[in-house]
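In listed order, ligands and their atoms are each counted from 1. In what follows, residues are counted from 1 in the order of the sequence shown. Please read these numbers as outputs of a predicted model, since none were measured by experiment.
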Amino acid sequence: MTDDIRPEQFAGDELVLAPDQVLLPEGPASGQAVVVADGYFRAVGPREAVLAAHRGSKPIELPGKMIMPGFVDAHHHLTQSFGKALAYGEPSEIFSRIWVPLETVLDSELVYLTAKLAALEALRGGFTTVVDAGTRAVDDTAAIARAAREAGLRCVLGCICNDLGTAPSGTDRSAILQRARDHLERWRDDALVHPSLAISIPEAASDEMLRDVSAMAARAGAIFQTHVNEHLVAVERSLVQRGLRPLEHLSHAGALGSHVLIAHSTLITPSELIILRDTDTAVAYCPVASQWKGNAVAPALTMSELGIRFGIGTDGTRSDGFRLMDAAEACQRLAFGIAVGDFSAGAGWLWLDQATAGGAAAAGLGHRTGTIEPGKAADFLILDIDIPELTPSWDLGWELVRLGNRDQIIAAFVGGKLRLWRGWPLDWDARALLSDVRERAAAAVAKAPIHRIHPTSGEHRARTMAKRSSALTQKT
Ligand SMILES: [Zn+2]
């Protein structure tokens, strides 16, 4: 394929971009131009007016292209990228059999490698921001921050503050709270890394810790993250131990609020939906996690109608913004829409909006990213829309959700800087990273006390072949 645009065109201090379409907060618009300078969108508006006001810079014509905000992954685990196919198709609570064993064998260098691989995958899938829920690796979060910054990915970085169970940080409350304060302070003014505090699941912390950590995050203008109501076994355990469902437990501890982002909320009662609404707590809806390992699908359409804020998260499954939107819609349709004749299932626009602006707001970054508006960080994608699948085009929002594909992403910019060009970075050696990962991952995984239940594809095939041959022997 011959490129009509080249990466060198985007090297200037001020970029005046003139694409066919810009995805604005109110929807796709033609005849617009966008100015990027010092890492921010400086102007967005009718092409002639913007070009006239910026005569000093030669406009970059982008025929057949669209500029859209980068996707926001509202829930990720950057230190789980060595797991991939080891982890899914498994009975619930894979964190206890796979993720915790894997993460706890990672040293600082392996944390850096796995996080950088995950950051690269995220950018390739069109995500310019990811929300990391925190790692259980013994090392501190600096290696993850280094990986995200080097890759050029915006990252809300969780620091886990569990004070019960086998927390790597120990169970000394005052030491954990000091570590949390240090984390908030360390990343407070970073351009790409935004600190956050987390508790893995409510039962991993005392009520005091849930309340204090959540309050500390709120005071610092950071978000507090936790996972709730994902699996039946966890809901039952909470009911037996506390007489409360996990989300009720958080509410009881006084840990909810508009600075809180909870992952999953798939098994949620009407009264818990009301708790979310009344506390203005945000949710990370993780549809692919439901497809691959879940007990249920979060009622995201109902949340949307109730005014509950939510973003869409991968939960470390598959970093592909387009397939994530498709899954978000398909899961609502299959789990809720079909049964009641809701053929729209949010239509296209809801999912595009939630995968960008909604995710940014849920991540506590609504003022900084998620839309193409003057004053926001220039986190955006250049998409090729001159393709058969979008021809003819009748409703670009709908089409991006159902027909869009990551191979349309020509460039990904974060903070105004070109980070990937056609899926690969230009300023660091991603192939060398893959080679390092191949060399190191097998030993790390072999060392981890992972307990898998489900057979691999090869084992499954061998079992099927054995069954067939035994059936044949019996026949003859
Ligand atoms: Zn998670």
Side-chain angles (χ1 to χ4, degrees), residues 72-84 86-104 106 111 114-115 118-119 121-122 125 127 129-137 141 144 148 155-162 165 167-168 196-205 213 223-235 238 246-247 250 260-268 281-298 300 310-319 324 327-328 331 359 362-364 450:
V72 175
D73 184 343
H75 183 67
H76 200 341
H77 297 268
L78 290 172
T79 51
Q80 294 180 353
S81 67
F82 289 176
K84 296 210 173 72
L86 289 175
Y88 300 106
E90 287 279 302
S92 65
E93 299 207 313
I94 53 173
F95 68 87
S96 62
R97 295 191 315 277
I98 292 161
W99 295 134
V100 173
L102 176 58
E103 287 183 310
T104 46
L106 302 178
V111 166
T114 190
E121 289 181 59
F127 296 98
T129 298
V130 304
V131 179
D132 184 85
T135 182
R136 288 92 161 189
T141 52
I144 304 176
C155 176
V156 175
L157 183 57
C159 170
I160 290 185
C161 302
N162 304 351
S196 158
L197 301 181
I199 284 171
S200 311
I201 48 177
E203 64 192 279
V213 170
I223 59 162
F224 169 64
Q225 305 182 61
T226 187
H227 296 75
V228 296
N229 296 40
E230 182 182 11
H231 297 301
L232 199 52
V233 61
V235 173
S238 179
L247 190 66
L250 280 182
V260 179
L261 174 60
I262 54 165
H264 304 298
S265 281
T266 50
L267 296 158
I268 190 154
T281 297
V283 172
Y285 164 39
C286 302
V288 184
S290 289
Q291 291 174 335
W292 290 7
K293 69 184 173 87
N295 290 134
V297 173
F310 71 93
I312 311 177
T314 61
D315 196 14
T317 51
R318 174 177 67 207
S319 282
L324 185 64
C331 283
I450 287 171

For this session: With side-chain contact (heavy atoms from CB on, under 4.5 Å) as the test, would you mind laying out the steps for I144 and V111 before giving the verdict?
Result: CA-CA 7 Å; I144 304 176; V111 166; 3.6 Å; yes

Exercise. Stepwise, does the side-chain contact (heavy atoms from CB on, under 4.5 Å) test hold for H227 with I201?
Worked result: CA-CA 5 Å; H227 296 75; I201 48 177; 3.9 Å; yes

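With hydrogens and angles ignored, the 3.5 Å screen pairs a side-chain donor or acceptor of R97 with a backbone N or O of P91.
Between H264 and H231, the ring centre distance reaches or exceeds 6.0 Å.
For the Zn ion (ligand 1), protein N, O or S atoms closer than 2.8 Å were enumerated as H75 NE2, H77 NE2, H227 NE2, D315 OD1, with waters left out.
For H76, there are no ring pair (Phe, Tyr, Trp, His ring centres under 6.0 Å) partners, not counting sequence neighbours.
If you take CD1 on I262 and OG1 on T226, they are separated by 8.5 Å, rounding to the nearest 0.5 Å.
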